[in-house]
Amino acid sequence: MTRHLQPLDLERLRRAFPGTVLGPGDDEFDSARDVFYGGEDVIPAAVAQVESAEDVARVVTFAAENGHEIAVKGGGHSLARLATTSGGIVIDLARMKGLEIDPAGKTAWAQAGLTTGEYTKAAGSHGLATGFGDTPSVGLSGITLSGGIGFLVRKHGLTIDSLLAAEVVTADGRILQVNEENEPDLFWALRGGGGNFGVVTRFQFRLHEVDEVVGGMLILPATAEVVAGFVEEAAAAPDELSTILNVMVAPPLPFIPESVHGKKVALGLLAYTGDVDAGQKVMDRFRGLAEPLVDTLAAIHYPELFMEEEDDGPPFKPQSASRNAFIDSFDDQAAAFLVDALDEAPAMMTAVQIRALGGEMARVPAESTAFVHRDRPFMVNLAAMYMDPAQADPTADWIVRTADGLLGDDYGSYTGFMTNEGFDRAYPGATGARLRTVKRAYDPDNLFHRNHNIEPA
């Protein structure tokens, strides 16, 4: 059940929480409440800038006792804009940047306000890495709790497969140390169940030896043959290779030749974690699909895949529409369909993303975590971004039409990229039932419902 929400007395919150509380009109309020994707201007009543688990516990307790809605903001990249709340309290983790790396033990304790880029750069200085996603500005908390699919997914599994422990503030204000032995049901649920069970303030991760990789960007012309061939090569490659293929109309970006702007391209991001010479031979198989338009594939240090782009212009605040799916096959017919579908895409930036999965991700038993779709060999993400609100309806219609034609109905969804795909697509069957049981135990009143919600009832 969802709590009946009450108006917030900002001064009462400031008396209850000795840290920084920002309200409308304060100098840093707008930047603190900001989230990545644009849309309706959602204005919280307060932003609490926490620095410790104890800080979080005070804010959670205040919200629970006074009937206020909570949203938890890490990197703020939720496609469904769940990191904010209208009239409630945003718990802003941005000041929680603590990171303790044990190079000898190959573990790290990381506070939840870090971004994946910050963590990866620090770990990379020791020749070590934990697999997260592919975007440096994404928050550590959101991507971990959703599962974590990135450049190391086939070699080292999901992010949650490297999660050893967590510090969690629950709805009753307790601070729990959670791992396989202590609160094991909660630890199971955190690994894929999102922010439904509390506010995670620290994570302990396993680190892997990842120093030099062969990786970068390869842009090819987007014909049906090239797209199908890329996906086939990615699925057949050794586990050392993880790929992200974006089939899209080339935007006018500096790294894309002007002659290609406005044309359909297959933009691949590739990372081979292993012997460099072997990696170059694998990359040559992709280069052989067509004459590359852009080829930056080279031997680099792993953190270079997470370099932030410099942007001195105004903030890019797109609105978006998307559909995410785990599927069992991707063939020539699917490739031809999506290449043709791009001709009708109304949004300024539209892409169909295909990730070949498998490898270590698929070897972990599905029941060992709340991430159930381990046996699905492909993930497809249809995404469109636009600035003009008039494009909202035609873009949403295109997403629905294309998804229906490409995916059918037998697919699962990844909460890290979900908007409104639905609970059962993310957590079918016994996994969903067990998650509801854990939710009833740790958050029976559904205080934490600004997420892809698992209702306790």
- Task: Please state whether the rings of F371 and H373 are parallel, tilted or perpendicular, taking 30° and 60° as the class boundaries.
- Result: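 Plane angle over 60°, so perpendicular.
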- Message: Here's one to test your reading of the geometry: is the NZ or CZ of R58 within 45 degrees of the ring axis of F62 and under 6.0 Å from its centre?
- Response: no
- Please step through side chain to side chain contact (heavy atoms under 4.5 Å, CB included) for the pair E360 and D161, ending with a clear verdict. CA-CA 9 Å; E360 185 61 24; D161 298 331; 5.6 Å; no
salt_bridge([X], [Y]) N-O dist < 4.0 Å:
{"X": "R425", "Y": "D410", "answer": "no"}
{"X": "R14", "Y": "D26", "answer": "yes"}
{"X": "E455", "Y": "R436", "answer": "no"}
{"X": "D92", "Y": "R95", "answer": "no"}

- Step through the shown structure and confirm whether more than 12 heavy atoms of other residues, nucleotides or ligands are within 6.0 Å of NZ on K121. no
- Item | D41 atom CG, over 12 foreign heavy atoms within 6.0 Å |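 Above 12, so yes.
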- Of all the heavy-atom pairs spanning V438 and L186, show the shortest one and how long it is. CG1-CA, 4.2 Å
- Shortest non-hydrogen separation from A426 to T415 and the atoms involved: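 Taking A426 first and T415 second, the nearest heavy atoms are CB-CG2, 3.8 Å.
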- Query: What do the steps show when you test D404 against R323 for side chain to side chain contact (heavy atoms under 4.5 Å, CB included), and what is the final call?
  - Reply: CA-CA 10 Å; D404 288 347; R323 178 76 63 85; 4.3 Å; yes
- Task: Begin from the C-alpha positions of T144 and L163 and carry the test side chain to side chain contact (heavy atoms under 4.5 Å, CB included) through to its verdict.
- Result: CA-CA 8 Å; T144 299; L163 184 63; 4.3 Å; yes
- Message: By the definition side-chain hydrogen bond (donor to acceptor under 3.5 Å, both in side chains), identify the one residue from E209, H208, H126 that meets it with K106.
- Response: E209
- Mind running side chain to side chain contact (heavy atoms under 4.5 Å, CB included) on V200 and L190 for me, showing each step along the way? CA-CA 9 Å; V200 179; L190 291 176; 4.0 Å; yes
- Query: With distance as the sole test, does R154 use its side chain to make a donor-acceptor pair with the main-chain N or O of A237 at under 3.5 Å?
  - Reply: yes
- F132 and Y119: aromatic ring centres closer than 6.0 Å?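 So the answer is yes for these two rings.
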- Member of T243, L270, T296 meeting the side chain to side chain contact (heavy atoms under 4.5 Å, CB included) criterion with L218: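 Of the listed options, the one satisfying the test is L270.
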- Query: Is the shortest heavy-atom distance from the side chain of L145 to the side chain of S141 under 4.5 Å?
  - Reply: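 With C-beta onward as the side chain, the pair touches.
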